[in-house]
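Positions are given from 1 along the sequence.
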Amino acid sequence: MRTTDGWGSGMLGVVIFSGSLPATRVAVDGFSPLFLTSARAVIATALGALLLLLLRQTWPRRQDILPLAVVALGVVVGFPLLTALALQHITAAHSIVFVGLLPLATAIFGVLRGGERPKPAFWLFSGIGSATVVGFALSGGGSGSLEGDLLMVAAILLCGLGYAEGATLSRRLGGWQVISWALALSLPVMLAIMLATLPATWEAIGMPAWLGLAYVSVFSMLIGFVFWYRGLALGGIAGVGQLQLLQPFFGLLLAGLLLHEPIAWTMIAATAVVVVCVAFARRYA
């Protein structure tokens with residue numbers, strides 16, 4: 001029952017995160033990457049701090065500060081900033097498929113930081129699923145750039161580290177508490193960056209950019225982590241982390257609907273392969 005709850009919670013997190021890159025792509029049309037990264041963190045910190053105060057959560061222990069800093073580096077600063085920079089060079093659809101590499105990154109850091117030991121078959125199906133996503137990305141034609149692709153790879157590595165570290169902490173502190181404390185820890189730096197990178201004028205910023213900022217601040221930066229870290233803590237970092245293989249395809253669907261980017265028939269075929277890989281990876285995690 002605990003594992004089932006973990007996978008259900010993890011799936012909700014994946015669905016929420018699927019809108020992150022399309023929302024970021026829209027937001028960078030109106031805001032600079034540095035302002036967007038810092039502003040989303042400041043807004044999410046205000047909401048997270050309110051929850052911490054209202055629910056009277058105890059302060060983290062001294063030994064939790066470094067792990068929380070790692071979480072902040074990975075998911076509060078690293079992934080949002082690097083993806084925002086990447087989306088200045090590549091399309092949302094192209095960037096989304098790199099998220100298919102997150103399960104491997106999360107699983108590897110889960111082994112290194114969380115002490116998990118998946119069975120060999122897990123790595124086989126995880127590798128097949130990731131290769132399917134990468135193959136799908138490469139088949140997309142010339143919609144990418146070397147700089148954008150390298151930024152996305154770096155973002156994925158930092159995000160995987162943040163996920164694994166946060167999941168380990170969640171077993172003791174709770175999922176939403178981990179991201180809330182990580183946000184609070186990063187507030188002084190993020191607030192300073194936000195104030196230093198304020199837009200020169202607000203009139204030229206369209207409503208889509210504001211909606212994108214609102215989504216990544218409230219859902220991507222806070223609510224999604226409530227479900228995601230809970231799922232990783234209950235169901236296992238390596239196992240539940242495989243649900244991220246579905247995120248590129250949810251995201252591509254949103255990119256097609258919201259940004260009117262084309263969706264190839266190969267998406268359906270690749271999704272079927274990924275679903276099978278997720279099922280078997282879960283069995284052997």
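When the side chains of ILVMFWY residues are joined at heavy-atom separations under 4.5 Å, either directly or via intervening members, V178 and L66 end up in two distinct hydrophobic clusters.
In this structure, the separation between CD on E147 and CG on L150 is 8.5 Å, given to the nearest 0.5 Å.
Partners of F219 under the side chain to side chain contact (heavy atoms under 4.5 Å, CB included) rule, at least two apart in sequence or in another chain, are I16, Y215, I223.
A86 and G148 get closest at one heavy-atom pair: CB-O, 3.6 Å. Across all their heavy atoms, L243 and G10 have their closest contact at CD1-C, 3.8 Å. Across all non-hydrogen atoms, the minimal contact from A44 to L222 is O-CD2, 4.1 Å. Between M190 and S38, the closest heavy-atom pair is O-CB, 3.2 Å. Here the shortest heavy-atom pairing between V28 and R25 reads CG2-O, 3.2 Å.
Taking the six-membered ring where the residue is Trp, W228 and F17 present perpendicular rings, their angle passing 60° and hence far from 30°. Between W59 and W181, the ring planes are tilted. Angles from 30° to 60° get that label.
Residue L50 is found in a hydrophobic cluster whose other members, listed by chain and number, are L54; membership requires side-chain heavy atoms under 4.5 Å apart, directly or through intermediates.
L169 has its side chain within reach of L68: a pair of non-hydrogen atoms, C-beta onward, lies under 4.5 Å apart. L81 places none of its side-chain heavy atoms less than 4.5 Å from the side chain of L36. At least one side-chain heavy atom of V14 sits under 4.5 Å from a side-chain heavy atom of S18. The closest side-chain heavy-atom distance from M221 to L47 is not below 4.5 Å.
Side-chain atoms of Q57 come within 3.5 Å of backbone atoms of L55 as a donor-acceptor pair (strictly under, hydrogens ignored).
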